[in-house]
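We use all heavy atoms of the structure for the numbers below, so side chains are in, but hydrogens, waters and symmetry mates are not.
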Amino acid sequence: MQTRLARLYQKGDLRIETAAVAAPGPGEVLLKMAAAGICGSDLHYYQDGGFGPVRVREPIIPGHEASGTVSQAGEGVGLSVGTLVAVNPSQPCGHCEYCDKDMPIHCLGMRFMGSAMRLPHEQGMFREWLVVPARQCFAAGPATTAAEAACSEPLSVCLHAASRAGDIAGKRVLITGAGPIGALMVAVACYHGASEIVVTDLADAALERAKAMGASRTINVARDAQALAEFEAGKGYFDLVFECSAAVPAIRSAIAAIRPRGTIVQVGVTGEIPIPLNAIVGKELHIHGTQRFHEEFATAVELISSRKIDVRPIISHSLPLEQADAAFVLAGDRTVACKVQLIF
């Protein structure tokens, strides 16, 4: 059996190829892939050849947020043929120091599909057919579309970020950056009962989607750079910030606008940047990093399936695999695109 796939060789060199697909073994399923989203890391691989120290050093199939339908099930698998599933790309080893401490996100032997972090690279899900362990597959609800199910991974990222923030109910929240993660972070903050959610970004299209996800107010800081000044009075206004842009101006404005002993959860990723340590110390701020997810994936699938969190407003474009190059270019244009998905 053969599958078509998208393989990235280096910056800007994405090729549609064909490869063999094995039959599923015990505990595995063969999926007919349905939809797969282009993530920010995929975009960095395509546009820049990587991000920070993570570089594309050999050909890689990108893609780590996807859904598919069970076509064949190996021995011992409880999933029925025809079931739509969301695929968890995270594969902790289960036996290292951090797995033993119930911290699988920090697994020393982590394999994460579509990641160039390790050599050999972990191959991802931009392909028509995929064999994967059944334990990584989570059945979506009967009314859930493939496009919605493929948003389980980014929603999991936001659910884990929320877990790093503590109690969100009744809090005044600032979210900097309204890309797909920022927009989903709005929905998660709403779900957890935030009393007010202000969102900043440079693009009106992104801010409109933030409104659709439940933002109380949006601010285009490219057009009105001083709009956050009102929140800086009295040592700051916000109880909690989810910083999703990794942009220095946004981080500085977040530190200025948060109240003393407030919490900043750093969701966006970049390299080394200057930050005002004096303000962090003077305000006694709590700053938490967050990465990936673990148990949140099952929760994300349930929330999407029940539409307790409606991800549909962020899905802006769907293109066939043959147009993968065009899809990546489109995903890089934040004036029109949010979550761009490949369909199979």
Side-chain angles (χ1 to χ4, degrees), residues 2-19 31-51 54-56 59-69 84 86-87 89 112-116 121-130 144-157 177-184 201-206 208-209 212 244 269 304 311-344:
Q2 298 286 307
T3 182
R4 291 178 306 152
L5 54 84
R7 197 188 310 271
L8 183 69
Y9 281 78
Q10 58 184 337
K11 172 183 173 180
D13 185 5
L14 186 70
R15 309 177 195 177
I16 305 301
E17 300 180 343
T18 302
L31 300 179
K32 174 62 176 72
M33 301 306 287
I38 297 175
C39 176
S41 61
D42 300 320
L43 197 57
H44 280 301
Y45 293 155
Y46 180 82
Q47 292 178 332
D48 308 314
F51 54 94
V54 181
R55 314 305 299 176
V56 174
I60 182 172
I61 303 169
H64 58 263
E65 42 183 79
S67 65
T69 301
L84 175 68
V87 183
F112 197 90
M113 299 178 72
S115 172
H121 295 338
E122 292 296 330
Q123 302 303 312
M125 294 189 267
F126 287 166
R127 38 184 151 177
E128 283 184 312
W129 296 91
L130 175 69
T144 309
T145 66
E148 289 175 276
C151 292
S152 298
E153 194 275 349
L155 180 57
S156 301
V157 170
I181 292 295
L184 287 172
D201 200 274
L202 304 174
D204 286 335
E208 286 301 314
R209 291 188 181 92
C244 300
V269 181
I304 289 173
V311 299
R312 290 174 294 178
I314 75 164
I315 303 168
S316 60
H317 298 83
S318 300
L319 282 76
L321 177 63
E322 292 82 359
Q323 297 180 29
D325 253 314
F328 270 85
V329 172
L330 183 60
D333 185 354
R334 298 190 65 250
T335 64
V336 295
C338 187
K339 179 55 67 183
V340 177
Q341 294 181 337
L342 296 176
I343 52 175
F344 306 92

When you measure from the centre of the six-membered ring of Phe344, is the NZ or CZ of Arg127 under 6.0 Å away and within 45° of the axis? no

Applying ring pair (Phe, Tyr, Trp, His ring centres under 6.0 Å) to His44 and not counting sequence neighbours gives Phe51

Straight-line distance of Phe328 CZ to Leu342 CG, nearest 0.5 Å: 6.5 Å

Does NZ in Lys32 sit with more than 12 non-hydrogen atoms of other residues, nucleotides or ligands closer than 6.0 Å? yes

Shortest non-hydrogen contact between Pro313 and Arg209, atoms and distance: O-CD, 3.6 Å

Stepwise side chain to side chain contact (heavy atoms under 4.5 Å, CB included) test for Met113 and Gln123: CA-CA 5 Å; Met113 299 178 72; Gln123 302 303 312; over 6 Å; no

Atom CD of Glu148 and atom CD1 of Ile314: how far apart are they, to the nearest 0.5 Å? 10.5 Å

CG of Asp333 to SG of Cys338, rounded to nearest 0.5 Å, is 12.0 Å

The complete set of salt bridge (charged side-chain N to carboxylate O under 4.0 Å, His left out) pairs with one or both residues in residues 335-344, sequence neighbours excluded, reads Glu65-Lys339

Minimum side-chain heavy-atom gap Pro59-Leu8 below 4.5 Å: no

Side chains of Glu153 and Ser156, donor plus acceptor under 3.5 Å: no

Which heavy-atom pair separates Gln341 from Ile315 by the least distance, and what is that distance? OE1-CG2, 3.9 Å

Shortest non-hydrogen contact between Tyr45 and Val54, atoms and distance: OH-CG1, 3.8 Å

Ignoring hydrogens and geometry, is there a side-chain-to-backbone donor-acceptor pair from Asp201 to Ala178 under 3.5 Å? yes

Output yes when a side-chain donor or acceptor of Glu17 lies under 3.5 Å from a complementary backbone atom of Ala6, and no otherwise. no

Spacing of Arg7 atom CZ and Thr18 atom OG1 [to the nearest 0.5 Å]: 10.0 Å

If every non-hydrogen atom of Asp325 is compared with every non-hydrogen atom of Leu14, which pair is closest and at what distance? OD2-O, 3.4 Å

Is there a donor-acceptor pair under 3.5 Å between the side chain of Ser67 and the backbone N or O of Ala149? no

Electrostatic pair Arg15:Asp13 at N-O distance under 4.0 angstrom: yes

Is there a side-chain contact between Val329 and Tyr46, using heavy atoms and a 4.5 Å cut-off? yes

From CA spacing to verdict: side chain to side chain contact (heavy atoms under 4.5 Å, CB included), Leu184, Val311: CA-CA 7 Å; Leu184 287 172; Val311 299; 3.8 Å; yes

Can you see which heavy atom on Pro62 is nearest to which on Asp42, and at what distance? CB-OD1, 3.7 Å

To the nearest 0.5 Å, what is the distance between CE (Met33) and CG (Leu130)? 5.0 Å

Just by modelled atom types, is the Asp48 backbone N or O under 3.5 Å from a matching donor or acceptor in the Arg55 side chain? yes

Write down the atom of Leu43, the atom of Ile38, and the distance for their closest heavy-atom approach. N-CG2, 4.5 Å

Give the intermediate values and the outcome of side chain to side chain contact (heavy atoms under 4.5 Å, CB included) for residues Leu330 and Leu319. CA-CA 10 Å; Leu330 183 60; Leu319 282 76; 4.0 Å; yes

Could you work out, with side-chain hydrogen bond (donor to acceptor under 3.5 Å, both in side chains) as the rule, every residue matching Ser41, not counting sequence neighbours? none

Any side-chain to backbone donor/acceptor pair from Thr3 onto Trp129? Under 3.5 Å, distance only. yes

Mind checking the CD1-OG spacing from Ile343 to Ser318? Nearest 0.5 Å is all I need. 5.5 Å

